[in-house]
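Below: the structure, in structure tokens.
Along the sequence shown, the residues carry numbers beginning at 1. In each ligand, atom 1 is the first atom listed, and ligand 1 is the first ligand listed.
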Amino acid sequence: MSKLPKTNDLGFFEIRLESIGGLGANLAGKLLSEDGVVGNGLNGIGFSSYGSEKKGSPVKAHIRFCNPEINIRDTTPIERPHVVGIFHDALFKTIDCTSGIYPDSTILVNSQKSLDELKTAMKIPSGTIAIVDATGIALEEQTKANTAMLGALYRILDFLDPESMKQTIRRTFEMKYPHLVEPNIRTFERGYSEVEFKTFLLEDGSEPTPFTRPIPLLGYETHAIGGMITNPGNSILKDLSISRAGMLPHFHEEKCINCAACDTACPDFCFVWEEKADKRGRPQMFLQGIDYQYCKGCLKCVTACPVDALSGEREYNDGYADKNRVPHLFDLAIQN
Ligand code: SF4
Ligand code: SF4
């Protein structure tokens with residue numbers, strides 16, 4: 001049986017996965033809790049919380065482990081995690097991913113940023129930051145980032161046996177998707193070996209921040225007068241870049257024949273057109289570019305384009321989407 005390195009007052013070691021729908025955190029949480037119990041002899045529970053079942057909406061997976069003699073009677077969301085797994089580094093902008101961490105918690109992030117950049121972005125005073133380019137691994141192995149995140153988590157959760165997780169992955173995929181077994185095991189192994197760590201200690205003389213429970217923004221005591229919603233869930237104003245799984249279409253205007261096949265294929269109306277005169281002076285619609293605010297990186301447009309005027313490229317942290325965005329109508333996001 002595995003031995004837990006530390007536990008809270010109730011005897012639990014707690015893990016929280018922060019993600020959005022579509023990145024596979026729910027499945028990762030299920031596999032992790034199943035393997036902790038079935039493969040490693042611990043007592044455990046795993047469940048997820050999410051709002052509307054829409055790709056791109058926030059998802060949290062909660063996993064609790066304890067020794068077998070302890071009964072689990074706590075199914076509340078995890079507020080004080082020993083380990084946090086963050087499935088996309090743009091999540092910090094909208095969600096307090098690190099809420100409730102201990103001074104020595106470990107935070108694993110799927111990111112291409114540096115460990116110091118992440119510490120600044122997350123505004124955490126201390127703890128261990130672990131980083132893995134799970135999206136890059138998944139793109140190369142043609143799998144999903146969740147298995148690479150699981151691999152990195154198993155380096156952190158060294159009381160769990162990685163070989164038993166490989167068996168769990170095999171069991172999960174071999175009936176329905178046998179062709180995905182080996183790529184997912186490779187993805188898991190790469191996540192395990194490619195994760196990097198850095199531990200930050202509290203600065204001399206500073207005290208750990210005491211735990212405070214976040215006040216609900218829309219509670220009965222805190223709601224705006226008249227029940228007014230002051231922060232509407234509006235796709236014009238939200239940062240939707242998180243919903244892309246690492247790829248982005250690039251537009252090569254010089255090759256475009258304005259056939260609109262891309263616009264027909266795109267599920268999110270990302271293509272922006274303008275009426276201009278053609279060579280004979282007749283009005284014609286010309287493609288201006290892509291409004292990346294709404295693009296989810298599915299690359300259906302790239303497949304549809306008959307002349308390679310669109311190419312599917314890896315999205316890096318270089319602000320390409322912001323710099324090359326052609327906004328629909330006018331840019332409300334910037335005005336706000
Ligand atoms: S990648 Fe998908 S969502 Fe983005 S522009 Fe192309 S078809 Fe539209
Ligand atoms: S499918 Fe290709 S050629 Fe046709 S309008 Fe779109 S980008 Fe241009």
Review point. Non-hydrogen atoms of Ala260 versus ligand 2: any pair closer than 4.0 Å?
Key: yes

Check your understanding: How about Phe188 and Tyr154: are their ring centres within less than 6.0 Å of each other?
Key -> yes

Review point. Is the distance between the ring centroids of Phe159 and Phe13 less than 6.0 Å?
Key: yes

Practice item. Apply the test ring-ring contact (aromatic ring centres under 6.0 Å, His included) to residues His250 and Tyr320: give CA-CA distance (whole Å), side-chain angles for both, the deciding distance (0.1 Å), then the verdict. Key: CA-CA 9 Å; His250 285 203; Tyr320 179 91; 3.8 Å; yes

Is it the side chain (CB and beyond), the backbone, both or neither of [X] that lies under 4.0 Å from ligand 2, heavy atoms counted?
X	answer
Pro306	side chain
Ile257	both
Asn258	backbone

For ligand 1, which atoms, with element, lie under 4.0 Å from some heavy atom of [X]?
X	value
Cys301	1 (S), 5 (S), 6 (Fe), 7 (S)
Gly297	1 (S), 4 (Fe)
Pro249	1 (S), 6 (Fe)
Leu299	1 (S), 2 (Fe)
Cys266	3 (S), 5 (S), 7 (S), 8 (Fe)

Exercise for review: Would you confirm whether Ser105, through its side chain, and Pro81, through its main-chain N or O, come within 3.5 Å as a donor-acceptor pair?
Suggested key: yes

Review point. Hey, is the main chain of Asp116 close enough, under 3.5 Å, to the side chain of Thr120 for a donor-acceptor pair?
Key: yes

For ligand 1, which part of [X] has a heavy atom less than 4.0 Å away: the side chain, the backbone, both, or neither?
X	answer
Phe271	side chain
Pro267	side chain
Cys298	both

**Study point:** Within 45° cone and under 6.0 Å: Arg314 NZ/CZ vs Tyr316 ring
**Key:** yes

Check your understanding: Think Arg155 forms a cation-pi with Tyr192, using NZ or CZ under 6.0 Å from the six-ring centre and within 45 degrees of its axis?
Key -> yes

Review point. What is the distance from atom CZ of Phe271 to atom SG of Cys262, rounded to the nearest 0.5 Å?
Key: 4.0 Å

Check your understanding: For Glu196, does the CD atom have more than 12 heavy-atom neighbours from other residues, nucleotides or ligands under 6.0 Å away?
Key -> no

Check your understanding: Would one find more than 12 heavy atoms of other residues, nucleotides or ligands at under 6.0 Å from atom NZ of Lys123?
Key -> no

Among all the protein's non-hydrogen atoms, which is closest to [atom], and how far away is it?
atom	answer
atom 2 (Fe) of ligand 2	Cys305 SG, 2.4 Å
atom 3 (S) of ligand 1	Lys296 N, 3.5 Å
atom 6 (Fe) of ligand 2	Cys262 SG, 2.3 Å
atom 8 (Fe) of ligand 2	Cys256 SG, 2.3 Å
atom 4 (Fe) of ligand 2	Cys259 SG, 2.3 Å

Practice item. Provide the number and element of each atom of ligand 2 under 4.0 Å from a heavy atom of Val307. Key: 3 (S)

Review point. Just which atoms of ligand 2 are under 4.0 Å from any heavy atom in Leu310?
Key: 7 (S)

Exercise for review: Measure the acute angle between the ring planes of Tyr102 and His82, then classify it against the limits of 30° and 60° as parallel, tilted or perpendicular.
Suggested key: parallel

Practice item. Examine the side chains of Asp89 and Asn110 and answer whether a donor and an acceptor come within less than 3.5 Å of each other. Key: no

